[in-house]
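In what follows, every heavy atom counts, from backbone to side chain, and hydrogens, waters and symmetry copies are set aside.
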Amino acid sequence: KEFPLITDKSLKEAEGWTNLSIGSVYLKQGDYVHALNFYLKSYNSYRASGVKDLAEPCYNLGAVYDSLHQTERALAFFQKGLAYAREENVREQIKNGYLNISNHFSAVGQYKDAHSYYLIYSALEDSIHGNDISNKMSSLELNYEMKKKQTEVLMLQKDKILSQKELVLLQKDSKIKQLLFTGLLIGLTLICIAGFLYYRWNETRQQQAKLELEQKLLRSQMNPHFIFNALVDIQHFLLNNSAADTSRYIADFSHLIRMILENSRTEYISISKEVKTLGYYLELQHLHFNGKFDYQLQLEEGIEADLISIPPMLAQPFIENAIEHGLANKKTGRGTISVSLMLKSDVIEINIEDNGVGRTKSGEIRKGSAPTHISLATSITEQRLHFLNKNSKEKINFVIVDLKDVAGEAAGTRVTFRVPIMS
């Protein structure tokens, strides 16, 4: 077997990749001087090899220069990397280029420029993910229509078999033994077909129910009331000429919406993504309520957050309920809510605890109105866990506890999830 010839070009390219990897290790360790040295070697090696896609090495150099507070060089490499990405028309790298420049301007206090570049990045991101979501919905609709047509074909086949049975009975009325045998054979065939039809119908119904549940979950996470409040808060920041707060709020809001859309496309995500999404949500709610409550988001040390997966946004509906109904109705004392993720043997335990007015008092305040949000959150969560646990040996479960103080009065609510570890 012949091996490819090793040329100067391939050696330079391999040298560039090696230096890039070493530089990334130093960057993670916070050794920016050594990281810069190896990134420069990588950049020069790639150029010498004739590689045209130099956007990523330029972005790495820009990040290191920003860490070393050499902002002019950082910006120059970010812009150079964006130019390479445009020249090669790599959409993902073009999008990352705008995000890098936006983060750079934000770090040096040029919020207007940061906002302008972020708007372009957000538009590119929405365009890419919008196409993904549209394709997914089209695929689901196509699968549903195909299975519906298959069921119709099977029903026609069943009718045809029944007609054949009647014809056989009419033609062979005098042959009792043969009639009995034929009838038995047809009966067994019908039972098999009916069982198969029922199986396919039940499978289609389960898939449709799962799709409806995913849509309900997405609607509950992208609550129109929450989105309206966020837009009102943005308007408030703009009217008060708070450019920095406005830019930060818009950035957090867009990050949250994008992560909700991304997470809705999969049944499991890493714990690090889940914690990041909840962090954005809690911060936006904290800003909306003008800091009238305190919150904590804790991840136990030692958890491999990037390697362990859990279902996305299990905690979010209960956090929203705690803030909107438990803490918002609290008249005395300062409200607090804590969210923690801990490793307990072979499960991840998620706790959401608040010191609000409790479920009973909250229900009395909203007496006579629509069903409470906690029941909606509980209903959707129970349906999700039904599908998730259906084919799993280890089951996910949750429990809601009404907290009491020493006098036996309501002192808040605690929701606890126990999720088996998935890597």
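For the atom pair CG of L343 and CD of E301, the computed distance is 13.0 Å after rounding to the nearest 0.5 Å. Interatomic distance, L282 CG to L297 CG, rounded to the nearest 0.5 Å: 6.0 Å. With rounding to the nearest 0.5 Å, the separation of CD in E267 from OG in S309 is 11.5 Å. Considering CZ of R258 and OG of S122, their distance stands at 8.0 Å, rounded to 0.5 Å. Between the CD1 atom in I396 and the CD1 atom in I348 there is a gap of 11.5 Å [rounded to 0.5 Å]. A distance of 10.5 Å separates OG of S42 from CH2 of W17, quoted to the nearest 0.5 Å.
Inter-residue side-chain proximity for Y59 and F77 is flagged as unmet; no heavy-atom pair is nearer than 4.5 Å. Taking the side chain as every heavy atom from C-beta outward, V347 and E394 never approach each other to under 4.5 Å. S106 places a side-chain heavy atom less than 4.5 Å from the side chain of Y111. Proximity of L61 to L40: side-chain heavy atoms (C-beta onward) are separated by under 4.5 Å at one or more points. Put simply, the side chain of V415 does not reach to within 4.5 Å of the side chain of N351, judged on heavy atoms. Put simply, the side chain of L99 reaches to within 4.5 Å of the side chain of N103, judged on heavy atoms. Using a 4.5 Å heavy-atom cutoff, the side chains of T71 and D66 are in contact. Taking the side chain as every heavy atom from C-beta outward, V108 and L75 never approach each other to under 4.5 Å.
Distance alone, capped at 3.5 Å, places no donor-acceptor pair between the S127 side chain and the A123 backbone. Not a single donor-acceptor pair under 3.5 Å links the side chain of D31 to the backbone N or O of Y26. Within the 3.5 Å criterion, the main-chain N or O of L124 finds no donor-acceptor partner in the side chain of K95. Formation of a donor-acceptor pair under 3.5 Å by the N329 side chain with backbone atoms of H325 is found in this model. Put simply, the side chain of E274 gets close to the backbone of M313: a donor and an acceptor are under 3.5 Å apart. Remark: the backbone N or O of Y98 is not paired with any side-chain donor or acceptor of S102 at under 3.5 angstrom.
Among K158, E152, Q157, the single residue meeting the side-chain contact (heavy atoms from CB on, under 4.5 Å) criterion with L154 is Q157.
A salt bridge is absent between K344 and E300; no separation between the charged side-chain nitrogens and carboxylate oxygens falls under 4.0 Å.
Closest non-hydrogen pair, F78 versus A63, comes out as CZ-N, 3.5 Å. Contact detail for A35 and L27: the closest heavy-atom pair is CB-N, 3.8 Å. Nearest heavy-atom pair, A411 versus D405, reported as atom, atom and distance to 0.1 Å: CB-N, 3.7 Å. Closest heavy-atom contact between L278 and A315: CD1-CB, 4.3 Å. The heavy-atom pair separating P420 from R418 by the smallest distance is CD-O, 3.8 Å. The minimum heavy-atom distance between D113 and Q110, with the atom names listed, is OD2-OE1, 3.1 Å.
Checking E324 against Q285 by side-chain atom types alone, a donor-acceptor pair falls below 3.5 Å. Residues S254 and Y118 bring a donor and an acceptor atom of their side chains to less than 3.5 Å of each other.
For NZ of K292, the number of neighbouring non-hydrogen atoms (other residues, nucleotides, ligands) closer than 6.0 Å is 12 at most. Around atom CZ of F181, no more than 12 heavy atoms belonging to other residues, nucleotides or ligands sit under 6.0 Å away.
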As a quick check of understanding, evaluate side chain to side chain contact (heavy atoms under 4.5 Å, CB included) for D354 and T336, giving each step before the final call. CA-CA 6 Å; D354 67 83; T336 61; over 6 Å; no
Side chain to side chain contact (heavy atoms under 4.5 Å, CB included) between H288 and I323, worked out: CA-CA 11 Å; H288 170 67; I323 295 172; over 6 Å; no
Before giving the answer on side chain to side chain contact (heavy atoms under 4.5 Å, CB included), spell out for V339 and Y295 the whole-Å C-alpha distance, their side-chain angles and the decisive distance to 0.1 Å. CA-CA 8 Å; V339 182; Y295 73 86; over 6 Å; no
So E283 and L287, side chain to side chain contact (heavy atoms under 4.5 Å, CB included) or not? Walk me through it. CA-CA 6 Å; E283 179 60 20; L287 289 173; 3.8 Å; yes
Side chain to side chain donor-acceptor pair (under 3.5 Å) assessment of E56 paired with Y84: CA-CA 9 Å; E56 199 64 33; Y84 280 124; over 6 Å; no
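Among residues at least two apart or in separate chains, ring pair (Phe, Tyr, Trp, His ring centres under 6.0 Å) pairs with a member in residues 399-422 are F318-F417, F398-F417.
With sequence neighbours left out, the salt bridge (Lys or Arg N to Asp or Glu O under 4.0 Å) criterion links E409 to no other residue. Judged as a side-chain hydrogen bond (donor to acceptor under 3.5 Å, both in side chains), and not counting sequence neighbours, the contacts of S272 are S270, D306.
Note on ring orientation: taking the six-membered ring where Trp is involved, the planes of F293 and H286 are perpendicular (angle over 60°, cut-offs 30° and 60°).
Two rings, from Y43 and Y46, have their centers 6.0 Å or more apart.
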